[in-house]
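The structure under discussion appears below in the form of structure tokens.
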Amino acid sequence: MKYSEEQLIAMAVDIAKSSASNGGGPFGCVITRDGEIVATASNSVTLTNDPTAHAEVNAIRSACYDLKTFDLTGCILYTSCEPCPMCLSACYWAHIARIYYSGTSRNASSVDFDDSFIYRELRKPVSERAIPMERICPDLGDDPFVIWKENSKKIEY
């Protein structure tokens with residue numbers, strides 16, 4: 001069955017509403033490829049004690065598992081709310097073709113899902129971030145990349 005963009009956003013919002021009513025976070029997501037739904041998911045951070053279990057990440061994981069690929073080129077993601085920095089990064093890593101969203105980061109912020117701190121942190125030099133970061137053993141850091149580069153059987157991504 002072919003769905004309109006509006007129907008798919010409504011579906012993502014319905015998933016979010018159900019999640020919000022049943023102990024999960026108020027976020028939902030639908031992923032399609034060639035007009036067919038390949039994954040749906042809600043935010044399950046509090047249900048699974050996993051801070052990365054946002055709706056978009058859960059849907060990407062499900063789509064990749066079901067499609068047996070880590071590359072979602074051509075897939076479209078419909079989400080109940082503008083993706084947070086982590087989810088947006090996951091969309092880029094997965095090669096999502098397009099993102100449609102309904103709620104905004106301002107809507108999310110109004111109920112304490114505020115990502116502005118993370119965006120500010122990303123603009124800071126590493127030495128000024130809230131979580132201390134220090135590079136140690138720099139002579140070891142290149143080794144995995146040398147092995148990767150020389151591995152003729154590697155799977156590029």
Side-chain angles (χ1 to χ4, degrees), residues 1-126 128-133 141 144-145 148 154-157:
M1 175 179 182
K2 296 289 182 181
Y3 298 93
S4 71
E5 293 161 351
E6 293 79 9
Q7 288 172 313
L8 291 161
I9 277 290
M11 191 179 300
V13 170
D14 284 345
I15 292 167
K17 292 189 315 190
S18 177
S19 180
S21 297
N22 293 296
F27 303 94
C29 185
V30 176
I31 296 177
T32 65
R33 184 170 74 177
D34 299 325
E36 299 294 322
I37 295 172
V38 296
T40 64
S42 63
N43 176 297
S44 60
V45 170
T46 56
L47 298 173
T48 61
N49 296 316
D50 178 353
T52 68
H54 292 198
E56 296 91 338
V57 171
N58 286 343
I60 288 169
R61 288 175 179 157
S62 178
C64 289
Y65 181 83
D66 289 346
L67 297 173
K68 297 175 178 40
T69 183
F70 53 81
D71 185 347
L72 298 180
T73 295
C75 289
I76 299 174
L77 186 140
Y78 299 83
T79 181
S80 61
C81 187
E82 182 179 355
C84 76
M86 177 184 69
C87 293
L88 183 59
S89 295
C91 290
Y92 279 107
W93 278 111
H95 305 286
I96 295 292
R98 187 174 188 92
I99 299 169
Y100 291 97
Y101 64 95
S102 183
T104 66
S105 59
R106 183 171 285 155
N107 296 135
S109 178
S110 73
V111 291
D112 297 325
F113 291 97
D114 188 359
D115 302 324
S116 60
F117 170 75
I118 296 170
Y119 283 110
R120 286 192 308 273
E121 285 291 295
L122 291 172
R123 288 191 297 269
K124 292 180 181 178
V126 171
E128 296 177 17
R129 293 183 182 162
I131 297 176
M133 294 176 65
F145 299 114
W148 169 260
K154 69 179 169 266
I155 298 172
E156 299 276 351
Y157 65 100

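Residues: numbered from 1 along the sequence shown. Owing to the predicted nature of the structure, the values given are computational and were not obtained by experimental measurement.
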When you measure from the side chain of [X] to the backbone N and O of [Y], does any donor-acceptor pair fall under 3.5 Å?
X: Thr104; Y: Asn107; result: yes
X: Arg98; Y: Ile76; result: no
X: Glu121; Y: Ala130; result: yes
X: Ser21; Y: Lys17; result: yes
X: Ser44; Y: Leu47; result: no
X: Ser89; Y: Pro85; result: yes
X: Thr40; Y: Val30; result: no
X: Thr46; Y: Gly23; result: yes
X: Ser105; Y: Glu82; result: no
X: Glu128; Y: Pro125; result: no

Quick check for you: to the nearest 0.5 Å, what is the distance between [X] atom [atom1] and [Y] atom [atom2]?
X: Phe70; Y: Ile60; atom1: CZ; atom2: CD1; answer: 14.0 Å
X: Cys91; Y: Leu72; atom1: SG; atom2: CG; answer: 9.0 Å
X: Ile96; Y: Arg33; atom1: CD1; atom2: CZ; answer: 11.0 Å
X: Ile37; Y: Lys2; atom1: CD1; atom2: NZ; answer: 11.0 Å
X: Leu122; Y: Asp115; atom1: CG; atom2: CG; answer: 10.5 Å
X: Asn43; Y: Thr48; atom1: CG; atom2: OG1; answer: 8.0 Å

**Message:** Quick check on side-chain contact (heavy atoms from CB on, under 4.5 Å): which of Thr69, Thr32, Ile31 does Cys75 satisfy it with?
**Reply:** Ile31
**Asked** Side chains of Met11 and Tyr78: closer than 4.5 Å at any heavy-atom pair?
**Response** no
**Item:** Pairwise side-chain contact, Cys29 with Ile15, heavy-atom cut-off 4.5 Å (strictly under)
**Value:** no
**Parallel, tilted or perpendicular: rings of Phe113 and Phe27 (30°, 60°)** = perpendicular
For [X] and [Y], which heavy atoms make the closest approach, and how far apart are they?
X: Pro51; Y: Met86; value: O-CE, 4.1 Å
X: His54; Y: Cys84; value: ND1-SG, 3.4 Å
X: Ala53; Y: Asn58; value: O-ND2, 3.2 Å
X: Ser80; Y: Ser102; value: O-CB, 3.5 Å
X: Ala41; Y: Ala59; value: CB-N, 3.5 Å

**Asked** Could you walk me through whether Val57 and Arg61 pass the side-chain contact (heavy atoms from CB on, under 4.5 Å) check?
**Response** CA-CA 6 Å; Val57 171; Arg61 288 175 179 157; 3.4 Å; yes
**Prompt:** Do other residues, nucleotides or ligands put more than 12 heavy atoms under 6.0 Å from the CG atom of Asn22?
**Reply:** yes
**Asked** Hey, is OH on Tyr65 packed in by over 12 heavy atoms from elsewhere, all under 6.0 Å?
**Response** no
**Request:** Start with the C-alpha distance between Tyr100 and Leu8, add both sets of side-chain angles, then the distance that settles side-chain contact (heavy atoms from CB on, under 4.5 Å), and finish with yes or no.
**Result:** CA-CA 9 Å; Tyr100 291 97; Leu8 291 161; over 6 Å; no
